S.K.: 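The structure that follows is given in the form of structure tokens.
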Amino acid sequence: METPNTKDKYEKVMDLAKRRGYLWSSFEIYGGIAGFVDYAPLGAMLKNNIIDTWRKHYITNEEFYEIDCPTITPHDVLKASGHVDNFTDPMIECKECLESYRADHIIEENVDIDTEGKTLEELQQLMETHKITCPKCSGQFGEVKSYNLMFLTSIGPSGNRIGYMRPETAQGIFIQFRRLSQFFRNKLPFGVAQIGKAYRNEISPRQGVIRLREFTQAEAEFFVHPTIKEHKKFKEVENDVIPLLPASRQMDESLPKDEKVINMSLKDAVENNIIRHETIAYFVAITKRFLLDIGIDSSKLRFRQHLPDEMAHYAIDCWDAEIYTDRFGWIECVGIADRTDFDLKAHMENSGVDLSIFVEYDEPKEIETYEIELNYKVVGKVFKKDMKLVSDALNELDNNEMEKLVNTIKNGEEYILKVGDKEFTILEDYLTAKKVQKKVMGEKVLPHVIEPSHGIDRITFCLLEHSFNEEEDRTYLSINPTVSPIKVGVFPLVNKQGMPEIAMDIKNNLRKNGILAEYDDSGAIGRRYMRMDEVGAPFCITVDGQTLEDNTITIRERDSREQIRIKIEEVVDYIKNKL
């Protein structure tokens, strides 16, 4: 029989989380479903406090604005973004029991091989070479197939309009980019955030809170000029030393595994082209500061660069904030990616709506460009009622696109002009183009986006694990007071002589001042301390006999167990200062 001492840390954390009201299995009375979790009363408060801290960093400090978009997304949007075609995992199914698994995970569990970036064919070869069978029934597996992770749904009563539960919160921001750019008066750079539920129909989630089918993302999209990726506040963080695991060191087989991480200032990382540019580096710093602010153990945090063969289809550089856990090792909790203009370009091409921004120059520039004159006798017959539409679109082409048009038709090739959802073929005899000098006030650009994307559920679990401590006589959560759900436990030493009334008044006064306090008069005082230690309350206040004499109370600090006495009227200020 298993005893508490034989459990690993993960089991101990989850036992405490269930017992003390942090995390519960969803749909428990019906047997539960893997990949879903309920945040119990304290867990919901902890998660919300983490989100509030995230908002402090991004909304308050970085001046992002937050929006809130629907969680159901039409097929056309996710087709344009690439999710319909690319948002997949490799799946295998047992021929005997019909259980499905992720092929890459099954291989890694059976063989010491890194499957990152492997093709379906390569995974199939590994399955066959190592004769891997079903862990449930030892049956043979079928072929490795590609499985789309999105939850399919329909919109409207007919069921003809296909939709999906959104796989990320970012697309809502990209879809509203035209409105957002107007809100920010077309001044780059600017930042937009969204916090909410996302959904991924995982094949076989077996890692508790680490791999969920419904989870909370906090994503920040920072829109920048495509050629200006310096950050105006980089100087404030350039000397921050960060534990980095660059792609080059991951692939260097001469380096021992425990020597691949290098501690380096962000200034050196950018100057040595380890981190691509200042803006990614800046958000690496902000991510680290946020994670340490909520209480993540700095010795269990690193930033790993994606290898070339694992880079997302939309990214040119990506760094993951990885946090170490006892059972699962290093897990990705934050991704910081340069998504370039992939998303805006895709939605512009598929919707026909211009998502570019006109950026004014500090001073007007004299440039060499082309002046176009249409051959109306020809194009009038070709385009007829669309004549003005084509003419206006040609005159709105930026300098680079104008150059492309002229070079294309000079070579006798067709230039395809896209206007909304229409396409028009432009040939050489449709126009004449001559070079002219022109003074321009600015240029149209399609911004690039730098995205720090935070997985709040994984971060919450890691915080619980990093806060979990065992001593000979107690177990406690050393949760950072900033995010701990209950801040103060308030006790009467005994349930008589007016002590309960005084303790209740203190509790109520703390709550009136925005400090979450919990009253407890059940059991011995030592047992009450232990209960509050287990839920992570950083302070306990005890009303005792001396309180009746001099109006002082005892405040006990959770981690050190040190106690001091102060006047009741000083309690609120004391706790606020500590928090």
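None of these values were measured; they are calculated from a predicted model.
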S.K.: Take atom CG in Asp112; do more than 12 heavy atoms of anything else shown fall under 6.0 Å from it?
M.R.: no
S.K.: Does some side-chain heavy atom of His454 sit less than 4.5 Å from a side-chain heavy atom of Thr287?
M.R.: yes
S.K.: Return yes when atom CZ of Arg178 has more than 12 non-hydrogen atoms of other residues, nucleotides or ligands closer than 6.0 Å, and no otherwise.
M.R.: no
S.K.: Using a 6.0 Å cut-off, check whether atom NZ of Lys235 has over 12 heavy atoms from anything other than its own residue.
M.R.: no
S.K.: Any non-hydrogen side-chain atom of His306 less than 4.5 Å from a side-chain atom of Trp319?
M.R.: no
S.K.: Check for a donor-acceptor pair, side chain of Gln250 on one end and backbone N or O of Leu245 on the other, with a separation under 3.5 Å.
M.R.: yes
S.K.: Hey, are Glu534 and Arg19 close enough for a salt bridge, meaning a charged N less than 4.0 Å from a carboxylate O?
M.R.: yes
S.K.: Between Arg561 and Asp473, does any side-chain N to carboxylate O distance fall below 4.0 Å?
M.R.: yes
S.K.: Any idea which heavy atoms bring Ser204 and Tyr101 closest together, and the distance?
M.R.: OG-CA, 3.6 Å
S.K.: Do side-chain atoms of Asp520 reach the backbone of Ser522 as a donor and acceptor pair under 3.5 angstrom?
M.R.: yes
S.K.: Does some side-chain heavy atom of Phe328 sit less than 4.5 Å from a side-chain heavy atom of Gln207?
M.R.: yes
S.K.: For Asp505 and Lys512: C-alpha separation, side-chain torsions, deciding distance, then whether salt bridge (charged side-chain N to carboxylate O under 4.0 Å, His left out) applies.
M.R.: CA-CA 10 Å; Asp505 286 343; Lys512 285 178 184 176; over 6 Å; no
S.K.: Is the shortest distance from a Lys or Arg side-chain nitrogen in Lys12 or Glu470 to a carboxylate oxygen in the other one below 4.0 Å?
M.R.: yes
S.K.: Just by modelled atom types, is the Leu149 backbone N or O under 3.5 Å from a matching donor or acceptor in the Asn201 side chain?
M.R.: no
S.K.: Do the side chains of Lys567 and Asp550 get close enough for a salt bridge, i.e. N-O under 4.0 angstrom?
M.R.: no
S.K.: Check this for me, if you would: do Arg339 and Asp343 make a salt bridge, where the nitrogen-to-carboxylate-oxygen distance has to be below 4.0 angstrom?
M.R.: yes
S.K.: Please examine the side chains of Met504 and Asn508, heavy atoms only from C-beta on, and report whether any two atoms are closer than 4.5 Å.
M.R.: yes
S.K.: With under 30° as parallel and over 60° as perpendicular, where do the rings of Tyr58 and Phe283 fit, or are they tilted in between?
M.R.: parallel
S.K.: Assess the residue pair Leu477 and Phe468 against the criterion (side-chain contact (heavy atoms from CB on, under 4.5 Å)); give the C-alpha distance rounded to whole Å, side-chain angles, the decisive distance to 0.1 Å, and a yes or no.
M.R.: CA-CA 5 Å; Leu477 293 176; Phe468 182 85; 4.2 Å; yes
S.K.: Can you see which heavy atom on Ala337 is nearest to which on Cys318, and at what distance?
M.R.: CB-SG, 3.9 Å
S.K.: Would you say CD of Glu63 has more than 12 non-hydrogen atoms from neighbouring residues, nucleotides or ligands within 6.0 angstrom?
M.R.: no
S.K.: For the pair Asn577 (side chain) and Asp573 (backbone), establish whether a donor and an acceptor sit closer than 3.5 Å, ignoring hydrogens and angles.
M.R.: yes
S.K.: Would Phe190 and Phe223 count as a close aromatic pair, with their ring centres under 6.0 Å?
M.R.: yes
S.K.: Taking Lys232 first and then Glu278, would you say they form a salt bridge - that is, a charged N and a carboxylate O separated by under 4.0 Å?
M.R.: no
S.K.: Could you tell me whether His231 and Phe222 have their ring centroids closer than 6.0 angstrom?
M.R.: yes
S.K.: Do the charged groups of Asp521 and Arg528 touch, with an N to O distance under 4.0 Å?
M.R.: no
S.K.: Less than 4.0 angstrom from a charged side-chain N to a carboxylate O is my criterion; do Glu310 and Arg304 meet it?
M.R.: yes
S.K.: Within 45° of the axis and under 6.0 Å from the centre of the six-membered ring of Trp330, does NZ or CZ of Arg302 qualify?
M.R.: yes
S.K.: Using a strict threshold of under 4.0 Å (side-chain N to carboxylate O), is an ion pair present between Asp533 and Arg20?
M.R.: no
S.K.: Judged by atom type as modelled, is there a donor-acceptor pair below 3.5 Å linking the side chain of Ser26 to the main-chain atoms of Asp38?
M.R.: yes
S.K.: Would a distance-only check, ignoring hydrogens and angles, find a side-chain to backbone donor-acceptor pair under 3.5 Å from Thr547 to Asn551?
M.R.: no
S.K.: Any heavy-atom pair between the side chains of Asp15 and Lys7 that's under 4.5 Å?
M.R.: yes
S.K.: List the atom of Glu221, the atom of Ala170, and the distance in Å for their closest heavy-atom pair.
M.R.: OE2-CB, 3.3 Å
S.K.: For Ser265 and Asp268: C-alpha separation, side-chain torsions, deciding distance, then whether side-chain hydrogen bond (donor to acceptor under 3.5 Å, both in side chains) applies.
M.R.: CA-CA 5 Å; Ser265 74; Asp268 288 344; 3.3 Å; yes
S.K.: Should we say atom OH of Tyr65 is surrounded by more than 12 heavy atoms from elsewhere, each under 6.0 Å from it?
M.R.: no
S.K.: Using modelled atom types and a 3.5 Å cut-off, is there a donor and acceptor pairing between side-chain atoms of Glu557 and backbone atoms of Ser560?
M.R.: yes
S.K.: Side chains of Trp54 and Ile459, heavy atoms from C-beta outward: is any pair under 4.5 Å?
M.R.: no
S.K.: Does NZ or CZ of Arg458 fall inside the cone over Phe461's six-membered ring, less than 6.0 Å from its centre and within 45° of the axis?
M.R.: no
S.K.: Considering only heavy atoms from C-beta outward, does the side chain of Arg474 approach that of Asn469 to under 4.5 Å?
M.R.: no
S.K.: Are Asp240 and Lys288 ion-paired here, with the side-chain N under 4.0 Å from a carboxylate O?
M.R.: no
S.K.: Whether Arg511 and Glu518 form a salt bridge (side-chain N of Lys/Arg under 4.0 Å from carboxylate O of Asp/Glu) is what I want to check.
M.R.: yes
S.K.: For Phe27, does the CZ atom have more than 12 heavy-atom neighbours from other residues, nucleotides or ligands under 6.0 Å away?
M.R.: yes
S.K.: Are there over 12 heavy-atom neighbours, none belonging to Glu562, within less than 6.0 Å of that residue's CD?
M.R.: no
S.K.: Is there a donor-acceptor contact under 3.5 Å from the side chain of Asn513 to the main chain of Asn509?
M.R.: yes
S.K.: Counting C-beta onward and ignoring hydrogens, is there a side-chain heavy-atom pair between Thr554 and Ile541 closer than 4.5 Å?
M.R.: no
S.K.: So which atom in Asp559 and which in Tyr476 form the shortest heavy-atom distance, rounded to 0.1 Å?
M.R.: OD1-CE1, 3.6 Å
S.K.: Centre-to-centre under 6.0 Å for Tyr529 and Phe491, is that the case here?
M.R.: yes
S.K.: Look at the side chain of Thr279 and the backbone N and O of Lys229, then say whether any donor-acceptor pair between them is shorter than 3.5 Å.
M.R.: yes
S.K.: For Arg211, does its backbone N or O pair with a side-chain atom of Arg206 as donor and acceptor, under 3.5 Å?
M.R.: no
S.K.: Checking Arg213 against Tyr199: charged group under 6.0 Å from the ring centre and within 45 degrees of the axis?
M.R.: no
